[in-house]
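Contents: one structure, followed by commentary.
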Amino acid sequence: ARLIAGGDQTDLDALFQLLTQTLEEAPPRCRFFGGFRFGQGTKRNGAWEPFGQYYFVLPRFEIVKHGRKTHLALNAYKNELPIFMPKAKAIAEALERQKDDVNLTTAWPAPFKRTDFPARPRWFKNVNSALKAVEKGVCEKIVLARQSLFEFPSRVYPLAILQKLKSTNPRCYHFCFPVLACNFFS
């Protein structure tokens, strides 16, 4: 696995050079997941603090789907295979044993609370301000972001969230990986 993450200053040329060099040296079909934060000069929300200005992960293991087949992929160099192949086999066996343990369609309880940041009135003001700025030619494009915090009565499985997102937006790339013990990025 490879993590490339950055703090407050971003030298984009150096970053892209590092990402490109890493992929050129990596086994075929490896790819980074991640991206940049919006609002480079704005204060980060606590939940996003671990991501810094940018956060890219080349995972050691991936579950990938090609057509109708699903595979466990190990991203490793040939000299690393003796180290990681036993772990890959153990993961594959565990996934096979547990594939029916969690029904992802029922692992998504209804939330009992939703809080939006900004709240609806402020969000509409932001949208209207953005539309006026575009109409006046101040800018060509604005990306507005809104955080929604959902509280659930019981545990929600990250893969259930991923499955729900995939059914809602089937033409997007979908990924999910742990960042901290209880934070997942998807």
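For reference, positions follow the sequence shown, starting with 1.
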Ring centroid separation F36 to F56 under 6.0 Å: yes

Atom pair CD/CG of E135 and N128 - distance to nearest 0.5 Å: 9.5 Å

Donor-acceptor list for residues 66-79 side chains, cut-off 3.5 Å, not counting sequence neighbours:
| residue | atom | partner | partner atom | Å |
| --- | --- | --- | --- | --- |
| N75 | ND2 | P59 | O | 2.7 |
| N75 | ND2 | E62 | OE2 | 2.9 |
| Y77 | OH | E25 | O | 3.3 |

With no hydrogens and no angle check, is any side-chain donor or acceptor of R146 less than 3.5 Å from a backbone partner on P118? yes

Atom CH2 in W123, atom CZ in F117: separation rounded to 0.5 Å? 14.0 Å

Indicate, with yes or no, if V64 and F61 share a hydrophobic cluster defined by side-chain heavy-atom contacts under 4.5 Å among Ile, Leu, Val, Met, Phe, Trp and Tyr. no

Derivation and outcome, side-chain contact (heavy atoms from CB on, under 4.5 Å), residues F32 and V57: CA-CA 5 Å; F32 278 101; V57 173; 5.7 Å; no

The reported gap from CZ in F112 to OG in S154 (rounded to nearest 0.5 angstrom) is 10.0 Å

Between D11 (side chain only) and A14 (backbone N and O only), is there a donor and an acceptor less than 3.5 Å apart? yes

Using a 3.5 Å distance criterion without hydrogens, assess whether the side chain of S167 forms a donor-acceptor pair with backbone atoms of K164. yes

Tell me whether I83 shares a hydrophobic cluster with L81, the cluster being built from Ile, Leu, Val, Met, Phe, Trp, Tyr side chains joined at under 4.5 Å. yes

Answer whether the closest heavy-atom distance between the side chains of E80 and R60 falls below 4.5 Å. yes

Any chance you could measure R31, atom CZ, to F33, atom CZ, to the nearest 0.5 Å? 4.0 Å

A110 and P153: which non-hydrogen atoms are nearest, and at how many Å? O-CD, 3.3 Å

Answer yes or no: is there a side-chain heavy-atom contact under 4.5 Å between C139 and V134? yes

Within one Ile-Leu-Val-Met-Phe-Trp-Tyr cluster: L18 and L12, side-chain cutoff 4.5 Å: yes

F16 reachable from Y54 in the ILVMFWY side-chain graph, under 4.5 Å edges: yes

Within the 4.5 Å heavy-atom criterion, are D13 and Q17 side-chain neighbours or not? no

Out of curiosity, L3 CG to L58 CG, how far, rounded to the nearest 0.5 Å? 10.5 Å

Check this for me: E140, atom CD, are more than 12 non-hydrogen atoms of other residues, nucleotides or ligands nearer than 6.0 Å? no

Just verifying a value: how many Å separate F150 CZ and I161 CD1, rounded to the nearest 0.5 Å? 10.0 Å

Least distance between heavy atoms, L144 atom then A130 atom: CD1-CB, 4.0 Å

